[in-house]
Amino acid sequence: MGSSPDHFSENGDAQRFDLLRTLVYGLAAAVWLSPLATTFGVVVSLLMIPLGLYLAAFTNERRIRWPIVVAGAALVSLLAVNSDHLLGWIPAARLLGVEGALHWSEVTTFAPLTLAVALGLRRLTMRFAALQVLELGAAAASTIWLCAGHRDMNLGRPRLLTDWAIGQGLDPSDVLLAIGVATSGLAALVLLPRRHGRQAAAGGALLIILSAVGYAALSVWLPQGNLANALPEGSSRQGNSQSGDNSQVGKSKSAGGSAEDDMPFTPPDETPPSKPVAIVVLHDDYLPPSGVWYFRSSALSQFNGRRFVRASQQGFDGDTPKQFPQHEQSLPMAASADVETQEVRMTVGLVDQPSRPLALVNPALLQPTENPNPKLFTRCYDVKSRVLKLDEESGANAEYLFYVRQAAIAAGDKSWDDATRAHYVEAPSDPRYGKLAAQIVDEAIDWSRIKPQFRNSPVLTALAIRRHLETNMTYSMKPGHDPQSDPVAQFLFGNHKGYCVHIAHATVALLRSRGIPARVATGFAVPAENMSTQTSVTIQSTDAHAWAEMYLEGIGWVVMDSQLEKADPDTPKFPPPDADTSRLLADQMRPRAEQGPAAPPSTVAWAVPGFGIALLLAALCPYAVKLWRRLAPLVLPDAVQYRVVFRAVLDRLAELDLVRRHGETREEFARRIAEIVPHMPALTLAHQRCAGGSCESSRLQWRALKDSVDAEIDHAFPCIRRWLALAHPLAWLRTR
């Protein structure tokens, strides 16, 4: 007996789906293995995919119990993971050479692991149809792995995709989103039941439509600044210890890496990840002579008996903006005419959403500006800061020499009233602070050799205190202090271990004990060598920092930050910002005028939204066809009623999975479903007569037959089933 055409068709469909499944498995495995193995290892591992799928089908046909197969695959995986121990049992490097030993390691690790995963996963899905979602999950996970660098705002990963997207004027996040949707659709296509041509085409078309709708929905409904929302609560950096090494980190309790007045004295147990918080695009040439960019977000000048917090009354710290600018906002500046300053203009684009604006010290003006990309930035504003112009020719000593030249300047401001001065000099009541400050100054400075105009200089006092902390304290993320007692006292008079929160509070407490107005500032300290480009600075969550500031007459608040020379060996270090991400953020923020003449619109850039709109319209077309086929009997003439009525009934049956089988005639189909739809044979017979040319039925008669069939369908199927069937846009493709 020969095989029927349907048999060959079914075999062909099965082979095509098996080939497609093998392709998806192979692509997923290649994505997973490419960063872990050499080309040789990846190729050998991919050869295991068809073998694993064949073994799954073979064990299923031979009725080998699935627990045995899965357990065997798990055992092979376990052996593969520990296969490196084989290199210790044989002199592999001596016999095979270095390169040969590497290939041997990959063959014994990745090849059996790939075989085991393919075998076990496919065998499970063959036994439990519901577990086919595992195959979909594996394919989707491979896409996530491919674009894993895109997480944590690493927008330059994978470079092959993002470079092309940026070159075409596209947002890399849109490209990566499209790839994820397409990959998920391809994986779902593999999971379609093995149906015949029109049914498979219908399923494929439905996947395309759903993928298009999903892409459009995600593009529209993802919240603005969604990339920034990936920042974990509290991820921040709070201090550097060693000069030139800003890798020591801390953590605040405030969201998104902001440095707030509730910065804890107890560092976190785990080091938070490093993620972009903001991009600062500079419009003027300037490099901080101190080697660190200080972006202040808050000032803590009120002493509450234990620590320094934000001032609870108005009139203090007016140079620190409390709210984001809604219009042009000027801030008071203390610098007198004889102090040389430089104006530095910049645009700040916030990737995170801190509670207060941050600006380069010392800001003179803030004003809002247009957000060029709401998907990347939560807020943008312009800043003008009046920075002290130091002698850059002095190199690393420029800041120190500046302070020395100001040694005769008094601390504080003559215009302050008694309440203001008392606010900025209030210190802990513990007499040990004053005693230690006096001891530090007396040991560091021989006042008898100092000129009279420099006697009791606030600047020299501050430099002595800073130097004492830098040489005698140890930076530690595990200071071991009792949180219930005074942590600053434990830092200064105990084990001398702490991080930037302790350092800043200790500096301010010692300065105030000498009558010098000082405060704790919080924000971000970015090493100059970490500048992403020559005209932009990327601020990371791990750059959050606390430092001390002192007030000098005619100058204002100046940074007095200690860089501890000693640090615990386990102090974490962080890499500089990702160069590709920083470049992308800066390019998105930089004004069009600085980017040169506007480039002509990219054909691809116009094509992508147009293609999305076309797909959305295509998603509505199946429903339009379905609606027309359902309403045609109401509007078309009597001559075609036999055809459109019969077609409408078949469409409705197809929605409920009542369709003709291959090789089944319409009469046989009608008799098969007669128990469910008793009037279907009569309707089929009437249709056959009219199709043969002897049609005498009127519109009313056809309408009566259709109403009878519709009533029987309504009676046979529950309401929920019928409504779900009605929502299927492509069920009419199954009508035969």
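Because the structure is a prediction, the values reported are computed rather than measured. These values consider heavy atoms only, across backbone and side chains, with no hydrogens, waters or symmetry-generated copies.
With values rounded to the nearest 0.5 angstrom, Thr665 atom OG1 is found 7.5 Å from Arg660 atom CZ. Taken from CD1 in Ile539 to CG in Leu350, the straight-line distance is 8.5 Å, to the nearest 0.5 Å. Separation of atoms CG (Leu656) and CZ (Phe717) is listed at 4.5 Å; rounding is to 0.5 Å. Atom OH in Tyr25 sits 3.5 Å away from atom CG in Leu121 (nearest 0.5 Å).
Annotation for Thr378 and Asn371: closest pair C-ND2, 4.0 Å, computed over non-hydrogen atoms. When all heavy atoms of Phe377 and Ile279 are compared, the closest pair comes out as CE2-CG2, 3.5 Å. Closest approach of Ala111 and Val44 over heavy atoms only: CB-CG1, 4.0 Å.
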> Can you list the steps and then say if Phe524 with Val280 is a side chain to side chain contact (heavy atoms under 4.5 Å, CB included)?
Replying inline: CA-CA 12 Å; Phe524 299 87; Val280 179; over 6 Å; no
> For Glu655 and Arg721, what are the C-alpha separation, side-chain angles and deciding distance, and is it a salt bridge (Lys or Arg N to Asp or Glu O under 4.0 Å)?
Replying inline: CA-CA 10 Å; Glu655 292 176 355; Arg721 174 81 180 276; over 6 Å; no
>> The test is side chain to side chain contact (heavy atoms under 4.5 Å, CB included); show your working for Arg722 and Arg652 and say whether it passes.
In response: CA-CA 9 Å; Arg722 287 184 274 116; Arg652 192 173 185 200; 3.6 Å; yes
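With sequence neighbours excluded, the residues satisfying ring pair (Phe, Tyr, Trp, His ring centres under 6.0 Å) with Phe40 are His103. Here Asp651 pairs with Arg629, Thr735 under the side chain to side chain donor-acceptor pair (under 3.5 Å) rule; sequence neighbours left out. Not counting sequence neighbours, the partners of Arg672 by the side chain to side chain donor-acceptor pair (under 3.5 Å) test are Glu664.
Proximity of a side-chain donor or acceptor of Ser582 to a complementary backbone N or O of Pro577 within less than 3.5 Å is not detected.
By the 4.5 Å heavy-atom criterion applied to side chains, Met477 and Asp568 are not counted as neighbours.
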Do any side-chain atoms of residues 112-120 form donor-acceptor pairs under 3.5 angstrom with protein atoms, and if so which ones, sequence neighbours left out?
{"unit_1": "Thr114", "atom_1": "OG1", "unit_2": "Phe110", "atom_2": "O", "d": "2.7"}

Just distance, no hydrogens or angles: give the donor-acceptor pairs under 3.5 Å from side chains in residues 48-74, sequence neighbours left out.
{"unit_1": "Thr59", "atom_1": "OG1", "unit_2": "Leu55", "atom_2": "O", "d": "2.9"}
{"unit_1": "Thr59", "atom_1": "OG1", "unit_2": "Ala56", "atom_2": "O", "d": "3.0"}
{"unit_1": "Thr59", "atom_1": "OG1", "unit_2": "Arg123", "atom_2": "NE", "d": "3.2"}

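Atom CG of Leu627 has more than 12 heavy atoms from other residues, nucleotides or ligands within 6.0 Å.
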